[in-house]
There are 2 protein chains.
Amino acid sequence: MMTQVTKRSNPAPKAPRSPKQAARRRAAVDKLLDPDLFKAFADPTRVKLLTCLIKCGRRCSVTEVAECCSVDFSVVARHLALLAGVGALEATKEGRTMWYAPRCNDLSHRLRALADAIDEWCGSACEQNCGCEGEHGDSCGCA
Amino acid sequence: MMTQVTKRSNPAPKAPRSPKQAARRRAAVDKLLDPDLFKAFADPTRVKLLTCLIKCGRRCSVTEVAECCSVDFSVVARHLALLAGVGALEATKEGRTMWYAPRCNDLSHRLRALADAIDEWCGSACEQNCGCEGEHGDSCGCA
DNA sequence: GCAATACTTGCATGATGACGCAAGTAACCA
DNA sequence: TGGTTACTTGCGTCATCATGCAAGTATTGC
């Protein structure tokens with residue numbers, strides 16, 4: 001397991017008054033919360049293949065990965081290609097075999113960046129949702 | 001932005017020889033890479049509503065959130081209920097209005113836990129994928 | 001060359017899901 | 001009590017997608 005030490009270097013952004021205003025704001029969370037990436041993680045079979053590759057700790061061919069799943073070989077091949085398409089896997093073709101390896105460092109980095117982007121807005125209003133709309137910031141007595 | 005300090009307290013698990021063996025292993029990543037959670041993040045409209053709430057920094061009613069989206073009101077209500085169902089939002093009913101607030105702390109915590117779980121297996125084999133199947137560990141000359 | 005291996009692609013099918021409309025329910029107000 | 005507000009639920013429709021089968025392509029070994 002990991003030990004996490006997080007430190008806020010910037011103050012939280014001032015919260016908009018309405019969700020309509022909030023939607024117009026540009027923020028890191030907009031790009032990091034990418035539906036296309038998470039769509040790849042939305043299917044149980046695909047997730048099984050991905051975790052299988054992560055736990056295997058080495059690159060694997062489609063044939064190898066297909067052995068740990070009851071679905072058709074073509075389905076596995078398509079799933080792995082899709083995961084590579086969103087950057088979750090690295091694909092390398094050698095002769096007739098296709099090697100897939102999880103891009104662990106990139107994946108965990110993207111997840112932590114998203115967590116940071118969410119935290120950036122966290123606390124921009126009273127955590128107890130007192131309704132002061134964040135005007136009072138951390139000094140609001142309702143917290 | 002955040003400053004991250006990560007420290008590995010446990011050695012990386014020994015990589016299985018085959019993906020079939022890897023699939024049988026129980027690991028933290030199995031539970032954290034939950035398709036049901038990420039299915040909620042797989043739809044652009046739903047992500048738009050979620051980021052809107054995150055950036056707003058306070059709890060909002062369904063009517064408010066619906067203003068920043070062009071889809072039907074019932075669609076917004078259903079999306080928010082679904083996001084609350086997977087724990088991304090906190091729902092509070094007061095009279096006839098339904099308040100939704102992002103569970104920022106829980107969200108970022110889950111994302112970091114997943115990143116940690118992935119990192120746990122990262123480096124259990126040669127990063128350059130030399131094919132030694134992780135037997136050599138960090139001492140493998142191919143890296 | 002020929003066969004086997006490893007993967008890709010096309011196609012049909014069934015399931016899931018996003019959406020809008022309309023009706024229903026529950027709370028609030030006059 | 002009757003109307004308005006705020007949300008929920010049911011239903012039909014359309015689009016997307018996961019799956020399996022079959023055919024195709026490309027590479028390797030004999």
Side-chain angles (χ1 to χ4, degrees), chain A residues 18-20 33-53 56 58-86 88-101 129 131, chain B residues 18-20 33-53 56 58-86 88-101 129 131:
Chain A
S18 73
K20 204 172 179 178
L33 200 43
D34 177 24
D36 289 326
L37 173 66
F38 294 115
K39 202 177 286 176
F41 300 162
D43 181 67
T45 307
R46 213 149 43 215
V47 164
K48 192 177 178 183
L49 297 171
L50 178 59
T51 55
C52 177
L53 273 163
C56 195
R58 62 166 173 93
R59 70 180 188 174
C60 300
S61 68
V62 181
T63 310
E64 281 179 311
V65 184
E67 279 175 20
C68 64
C69 218
S70 57
V71 295
D72 192 74
F73 179 86
S74 68
V75 173
V76 174
R78 264 188 278 247
H79 277 319
L80 296 179
L82 190 148
L83 285 166
V86 298
L89 300 179
E90 190 184 341
T92 315
K93 187 147 192 152
E94 274 180 18
R96 59 186 167 184
T97 69
M98 196 72 177
W99 296 101
Y100 284 104
N129 294 320
Chain B
S18 73
K20 203 172 181 180
L33 200 43
D34 178 23
D36 288 327
L37 173 66
F38 294 116
K39 205 176 283 179
F41 300 161
D43 181 67
T45 307
R46 212 148 45 215
V47 164
K48 192 177 179 183
L49 297 171
L50 177 59
T51 56
C52 177
L53 273 163
C56 195
R58 62 167 173 92
R59 71 179 189 175
C60 300
S61 68
V62 180
T63 310
E64 282 180 312
V65 184
E67 280 175 20
C68 63
C69 219
S70 57
V71 295
D72 192 74
F73 178 85
S74 67
V75 173
V76 175
R78 263 188 277 247
H79 278 317
L80 296 179
L82 190 148
L83 285 166
V86 299
L89 300 179
E90 190 183 342
T92 316
K93 187 148 194 150
E94 271 181 19
R96 60 185 166 182
T97 69
M98 195 73 179
W99 296 101
Y100 285 104
N129 294 319

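Below, chains carry the letters A, B, ... as their sequence lines are ordered, and counting in each starts from 1.
Atom CG of B/L89 is separated from atom CG of B/L83 by 4.5 Å, given to the nearest 0.5 angstrom.
Distances shorter than 4.0 Å separate none of the side-chain N or O atoms of B/H79 from OP1 or OP2 on C/dG17.
Rounded to an integer number of Å, the gap from NZ of A/K39 to P of D/dA15 is 15 Å. The nearest whole Å value for the distance from the CG atom in B/D72 to the P atom in C/dA23 is 14 Å. A straight line from CG of A/D43 to C1' of D/dA18 spans 7 Å, rounded to a whole angstrom. Note: CG (A/L50) to C1' (D/dA18) measures 17 Å, nearest angstrom. For the pair B/L82 CG and D/dT9 P, the computed distance is 13 Å after rounding to whole Å. Rounded to whole Å, the distance from CZ on B/R59 to C1' on D/dA6 is 15 Å. If you measure from atom CZ of B/F41 to atom P of C/dA18, you get 14 Å, rounded to the nearest angstrom. Between the CG atom of B/L83 and the P atom of C/dA18 there is a distance of 10 Å, given to the nearest Å.
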Summary of protein contacts for nucleotides 2-10 of chain C, nucleotide by nucleotide, where a base hit scores B, a sugar-phosphate-only hit scores S (4.0 Å, heavy atoms):
--BBSBBBB
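In this structure, A/K48 and A/H79 have side chains that are not in contact, with every pair of non-hydrogen atoms separated by 4.5 Å or more. Counting heavy atoms from C-beta outward, A/F73 and A/T63 have side chains that approach closer than 4.5 Å. Using a 4.5 Å heavy-atom threshold, the side chains of B/L80 and B/L53 count as touching.
Classification of the B/F41-A/F38 ring pair by plane angle, with boundaries at 30° and 60°, yields perpendicular.
Mapping A/E94 and A/S70 onto DNA chain D via the closest heavy atom, the residue that lands nearer the 5' end is A/S70.
Panel note: side chain A/R46, backbone A/K39; a donor-acceptor pair is recorded below 3.5 Å.
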